[in-house]
A.B. asks: 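Structure below; questions to follow.
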Amino acid sequence: MADRSIKMKSSVEQCSSSESEQNSLDIDSKHFQPQSYVENLTKGFSLKQLMETESMLGKDITSLDSEMQTLVYENYNKFILATETIKQMTSDFKQMETGMSNLMARMENLSSFSLEINSRLQPKRESVARISETHSLLKKLQHLYDLPTKLKTALTKKNLSQAVELYLRSRIVLEQYREMPAFQGIDSDCMATLGELKEEIRKNFDMEDATIEVISESASLLLKLNENPDELRLLFLQSGGKCLSIEIAELSKEVEVWQNSNENDTNVLDLLAFIDLGSNTVITNLGLIVTSYKNLFKECCSPSESEKTLINFTMALVKNYFDVLEKRYGLDCPKAGKREENVSVLVRSLDKLYNKLQTLGQTLPDVDFGRASTDLISKVARSLCDRLLEDLKMSFESSLNLLREAIATSSLQGEDGTTSPTYIPSLVSQILNAVNQDVKNVLSTLEPFLDQSITFINMPYFYIPFCLQDVHEGTIVKYLSHISGRCEEFLDNNESDAKNASVDLLLVLSRMCFDASSSTVQHLVSLFTNITLYS
């Protein structure tokens, strides 16, 4: 182990000595030795190389000397400026020391003056404090003496908020001195004026043109005057409900005006404008009522009872509003020739209504306004599907009439007395093409309900019932069942159509039912599936 340490030490010393020898030949090293450097050059270099090395060293010395002079010239002004700055700082510190000394002397004088003033005023300090307290009390008493007059003046000018604030600022002092005989008259006058003030505030709840803001402010003022909160919240909801009922009645009048108008009447609100009007009045003000009710009565009433009352109030008003909307949507039946455009407007208006009710639901999370609005949308969509089904039935009756006319004005018999091989397929093709085209038109009409930009399309309790129950079962299947039923009526001897049906008509209808069962029905079902899956 000792031998190994000795060897390691020896190797380290050898490395150090070799490194030192190399550094002694490096001009830029701190271990540089000129004599060794010159001897090394003379031994290893030729005369020409020595001359070149000498020339190169001369140039390097000249260059370094020039750079050194340049550095001295460039920094000379800085050295001078630094020297002057140090001198100036020394002078400034001396002035600051002098100023601090003067300041300390003045502070000592002020301290002595303050002690002298305190000693002189000490005997009178208690009397000054008593005088100040007396002055403050006199001001309060003067305010009490003026309070009945100020309250009466504010009440006369209808400054109800100012009158309440005047009373609240003086209530504690008034209650403190109420039992003193000198203040009993003031107290009785204030209580009489306060009673008038409360009655004047309550009148706001009965005003026909009172806004939700006025009703909320009136309830807040009465709460500050310690009125019964349970009575106030019922009065608040009653007055707010009256305002909303007036707005709902105005919407109902708009429905009647629309019903009695004609297509050229430009003064009638269209469906989108009607929904905007209802949203900006009924739904917006209902949201204000809910928010104000919670802010006013959440701390002074029983939470469960208060919330239950608010929910019942809200649901009753929403129901009344929905009744008006159902009338408006029931009247807004798409007209022929503008069906797609009107259905598109119908869907946009329903989406607006849904989004507005979702906003209202944020103020009252316990009520599912999304489901309530979706139920209304489903009713409107179902009503539209029912009307479209009636249109399909009427179109099929028209096709039947055209078929009977075609059979009556021509013959299925050929020149040789046999049935024409192409005439029956031609008539069947015409009526089935009409059925196909009518169903395509209906599906195209209903496509706006499946637009992905519509918000309520994402609600599962609308999309699935609408596609399966309203469109597939309620429209297409019922339409095909109607066609089948109408064909069966021509075979029932008790039906008038059967008595007047010709053999030719029965042949065409039989062939139509056969072709429909084999191809047309599957085509219509696949068409419906493609549209719903694509949407």
Side-chain angles (χ1 to χ4, degrees), residues 71-191 193-194 197 216-217 220-227 229 295-296 298-300:
L71 287 174
V72 171
Y73 293 150
E74 288 178 351
N75 292 284
Y76 179 75
N77 291 332
K78 296 180 182 179
F79 294 150
I80 298 300
L81 181 61
T83 303
E84 293 178 353
T85 302
I86 293 172
K87 291 180 180 180
Q88 184 65 34
M89 289 176 62
T90 303
S91 175
D92 292 341
F93 277 122
K94 289 181 180 180
Q95 294 178 1
M96 289 176 62
E97 289 178 357
T98 304
M100 289 297 295
S101 299
N102 295 334
L103 181 61
M104 290 292 293
R106 293 178 183 179
M107 291 294 293
E108 291 178 357
N109 292 334
L110 288 175
S111 298
S112 61
F113 288 149
S114 176
L115 292 174
E116 183 179 355
I117 292 172
N118 286 335
S119 61
R120 291 181 180 180
L121 293 179
Q122 184 66 31
K124 299 180 180 180
R125 180 170 297 166
E126 295 181 358
S127 61
V128 171
R130 287 195 300 271
I131 293 173
S132 177
E133 292 177 358
T134 303
H135 180 263
S136 176
L137 180 60
L138 289 175
K139 287 182 66 177
K140 293 180 180 179
L141 295 177
Q142 181 64 40
H143 180 71
L144 285 181
Y145 279 114
D146 296 338
L147 182 60
T149 304
K150 291 181 178 180
L151 285 177
K152 200 72 175 179
T153 302
L155 181 60
T156 303
K157 294 181 179 180
K158 304 296 181 181
N159 294 332
L160 305 182
S161 300
Q162 181 185 1
V164 172
E165 292 299 324
L166 284 172
Y167 173 75
L168 293 178
R169 287 201 300 266
S170 309
R171 180 166 59 184
I172 297 177
V173 180
L174 188 63
E175 292 176 352
Q176 183 178 356
Y177 297 101
R178 177 171 293 167
E179 302 301 328
M180 298 178 64
F183 294 97
Q184 290 180 355
I186 296 175
D187 181 62
S188 61
D189 291 342
C190 288
M191 291 299 103
T193 306
L194 187 62
L197 176 61
S216 300
E217 183 184 7
S220 176
L221 293 177
L222 290 175
L223 283 175
K224 291 178 180 179
L225 297 176
N226 295 332
E227 290 292 280
N295 293 335
L296 290 171
K298 64 181 178 180
E299 296 181 355
C300 56

A.B. asks: Hey, what do you get for CG (Asn109) to CE (Met104), rounding to the nearest 0.5 Å?
C.D. replies: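 Asn109 CG to Met104 CE: 11.5 Å, rounded to 0.5 Å.
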A.B. asks: Can you name the salt bridge (Lys or Arg N to Asp or Glu O under 4.0 Å) partners of Lys158, sequence neighbours left out?
C.D. replies: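 Applying salt bridge (Lys or Arg N to Asp or Glu O under 4.0 Å) to Lys158 gives Glu200.
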A.B. asks: Just verifying a value: how many Å separate Thr85 OG1 and Ile80 CD1, rounded to the nearest 0.5 Å?
C.D. replies: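 Here the rounded value is 11.0 Å.
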A.B. asks: Enter the distance from Glu217:CD to Leu222:CG here, rounded to the nearest 0.5 Å.
C.D. replies: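 The distance works out to 10.5 Å.
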A.B. asks: Decide yes or no for Lys150 and Tyr167: does some side-chain heavy atom of the first lie under 4.5 Å from some side-chain heavy atom of the second?
C.D. replies: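 They are not in contact (no side-chain heavy atoms under 4.5 Å apart), so the answer is no.
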A.B. asks: With Glu165, which residues qualify under salt bridge (Lys or Arg N to Asp or Glu O under 4.0 Å), at least two apart?
C.D. replies: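 Listed in chain order: Lys224.
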A.B. asks: Would you say the side chain of Leu194 lies within less than 4.5 Å of the side chain of Leu151, judging by non-hydrogen atoms?
C.D. replies: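 The answer is no; the side chains never approach within 4.5 Å.
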A.B. asks: In Å, rounded to the nearest 0.5 Å, how long is the span from CG of Leu103 to OG1 of Thr98?
C.D. replies: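 Going from CG on Leu103 over to OG1 on Thr98, the span is 12.5 Å.
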A.B. asks: Roughly how far, to the nearest 0.5 Å, is the CG atom of Leu166 from the OG1 atom of Thr149?
C.D. replies: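 Result: 11.5 Å between the selected atoms.
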A.B. asks: Minimum heavy-atom separation for Leu296 to Ser216, with atom names?
C.D. replies: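 Residues Leu296 and Ser216, closest heavy atoms: CD1-O, 3.9 Å.
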A.B. asks: Quick one: pull up CG in Asp189 and CE in Met191 and give me the separation to the nearest 0.5 Å.
C.D. replies: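 Going from the CG atom of Asp189 to the CE atom of Met191 covers 10.0 Å.
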